[in-house]
Amino acid sequence: MYWIYTTIIRPMIAYGSIVWWSKGLQRTARTKLSGLQRLASLAITGALRTTPSAAMEILLDLPPLHIFMEREARWATYRLHQASSSMLQATTMEQNRLIDDIKSHSILSMPSDVMPSRTSSNLYYKVLFPKRDEWERYKDALQKADSCWFTDGSKTPEGNRSWSTQLQPKDTNICTNATVFQAEVYAIELCVGRLEQMNPIRRTIKIFSDSQAALKALFSYR
């Protein structure tokens with residue numbers, strides 16, 4: 001019963017909450033939503049009808065429905081903000097408040113690094129993880145290429161930095177809220193961007209990174 005309520009019934013109630021969530025702040029609507037969730041809580045727990053609603057919601061880890069609606073509205077607003085700012089067209093003061101809350105937040109207003117999943121049957125690169133002894137033994141062979149690049153991402157007091165270098169280092173200071181992993185991945189992206197400007201054709205290019213997590217993320221690309 002708990003699964004039915006949280007997976008089927010509650011999402012149906014919350015559908016389109018980005019439009020009408022502010023109605024849940026009114027006393028009449030809040031009372032009706034509370035009564036609806038109380039019926040579900042009684043059915044799930046089998047408790048006596050005199051059991052307080054708040055006690056059952058705590059036991060079942062169910063936030064009050066009007067709070068759940070506001071949370072869903074905020075998530076929907078955030079997803080639209082990340083997809084395209086032109087999609088955020090507030091029609092009410094409450095929707096405008098949600099948009100302003102996101103834009104004024106230093107972390108939520110950051111550009112998202114979420115990318116849609118893509119499947120590629122052809123990979124034009126290989127990812128290698130040489131062991132320490134292999135690196136010492138075959139270092140010259142591993143570095144043999146038409147062009148070798150070295151990337152790194154690090155955390156500094158001024159913020160996270162990403163840099164790539166061949167002959168002339170180029171570093172970029174990214175925001176202080178980014179993780180070291182994001183800095184490492186961005187350093188590789190920065191390197192690829194510089195290579196695209198050079199337009200190398202039929203050349204062997206090797207990019208060296210000390211971030212195993214970033215390399216495994218590239219290795220798991222589908």
Side-chain angles (χ1 to χ4, degrees), residues 1-120 160 174-182 185-186 213-214 216-217 219-222:
M1 189 66 184
Y2 179 83
W3 178 86
I4 294 175
Y5 176 69
T6 57
T7 309
I8 301 176
I9 299 176
R10 192 170 62 172
M12 291 174 63
I13 300 171
Y15 182 78
S17 56
I18 189 175
V19 178
W20 60 268
W21 70 273
S22 59
K23 280 293 184 181
L25 302 178
Q26 299 178 0
R27 180 176 299 179
T28 304
R30 187 183 300 184
T31 301
K32 290 183 178 180
L33 291 173
S34 178
L36 179 62
Q37 182 150 285
R38 176 177 173 79
L39 290 176
S41 299
L42 288 171
I44 294 170
T45 60
L48 297 175
R49 297 187 65 85
T50 56
T51 306
S53 299
M56 291 188 291
E57 289 175 348
I58 292 174
L59 288 173
L60 297 173
D61 192 24
L62 295 175
L65 266 181
H66 68 280
I67 295 178
F68 177 79
M69 301 303 171
E70 182 175 354
R71 186 185 71 179
E72 292 297 301
R74 289 182 180 274
W75 271 116
T77 304
Y78 176 72
R79 289 193 296 268
L80 290 175
H81 172 70
Q82 294 297 334
S84 173
S85 58
S86 60
M87 298 177 65
L88 287 177
Q89 298 180 359
T91 57
T92 63
M93 292 181 60
E94 288 78 9
Q95 291 178 6
N96 194 40
R97 181 161 64 86
L98 290 180
I99 297 172
D100 291 340
D101 287 346
I102 291 176
K103 291 182 177 180
S104 62
H105 199 285
S106 59
I107 296 180
L108 295 181
S109 59
M110 291 172 53
S112 174
D113 57 359
V114 175
M115 293 182 290
S117 299
R118 292 181 296 178
T119 302
S120 176
N160 289 5
I174 57 181
C175 67
T176 57
N177 295 318
T179 63
V180 176
F181 171 76
Q182 289 174 321
V185 173
Y186 184 71
K216 284 185 176 180
F219 182 75
S220 62
Y221 179 81
R222 300 189 303 273

Once rounded to the nearest 0.5 Å, what's the spacing between atom CZ of R38 and atom CD of E57?
9.5 Å

Can W21 and R71 be said to form a side-chain contact (heavy atoms from CB on, under 4.5 Å), step by step?
CA-CA 9 Å; W21 70 273; R71 186 185 71 179; over 6 Å; no

How many angstroms lie between CD1 in I67 and CG in L33, if you round to the nearest 0.5 Å?
11.5 Å

NE2-OG1 distance between H66 and T31, expressed to the nearest 0.5 angstrom:
10.0 Å

Can you give me the closest heavy-atom contact between G24 and A29, atom names plus distance?
CA-CB, 4.2 Å

From CA spacing to verdict: side-chain contact (heavy atoms from CB on, under 4.5 Å), R30, L65:
CA-CA 8 Å; R30 187 183 300 184; L65 266 181; over 6 Å; no

In short, Q37 meets P63 closest at the heavy-atom pair NE2-O, 3.0 Å

Beyond-backbone contact of W20 with M69, side-chain heavy atoms, under 4.5 angstrom
yes

First locate atom OG1 of T51, then atom CG of L42, and finally report the distance between them rounded to the nearest 0.5 Å.
6.5 Å

Does I18 reach the side chain of T77, with side-chain heavy atoms less than 4.5 Å apart?
yes

Quick one: pull up CD in E72 and CD1 in I13 and give me the separation to the nearest 0.5 Å.
11.5 Å

If every non-hydrogen atom of Y5 is compared with every non-hydrogen atom of I44, which pair is closest and at what distance?
CB-CD1, 4.2 Å

The reported gap from CD1 in I58 to OG in S53 (rounded to nearest 0.5 angstrom) is 11.0 Å

Partners passing salt bridge (Lys or Arg N to Asp or Glu O under 4.0 Å) against E70 (at least two apart in sequence or in another chain):
R74

Applying side-chain contact (heavy atoms from CB on, under 4.5 Å) to L62 and T6, what does each step give before you reach the verdict?
CA-CA 9 Å; L62 295 175; T6 57; 3.9 Å; yes

Count the heavy atoms belonging to other residues, nucleotides or ligands that lie under 6.0 Å from OH of Y15, then report whether that count exceeds 12.
no

Going through the distances and angles, do L59 and T45 end up as a side-chain contact (heavy atoms from CB on, under 4.5 Å)?
CA-CA 9 Å; L59 288 173; T45 60; 5.7 Å; no

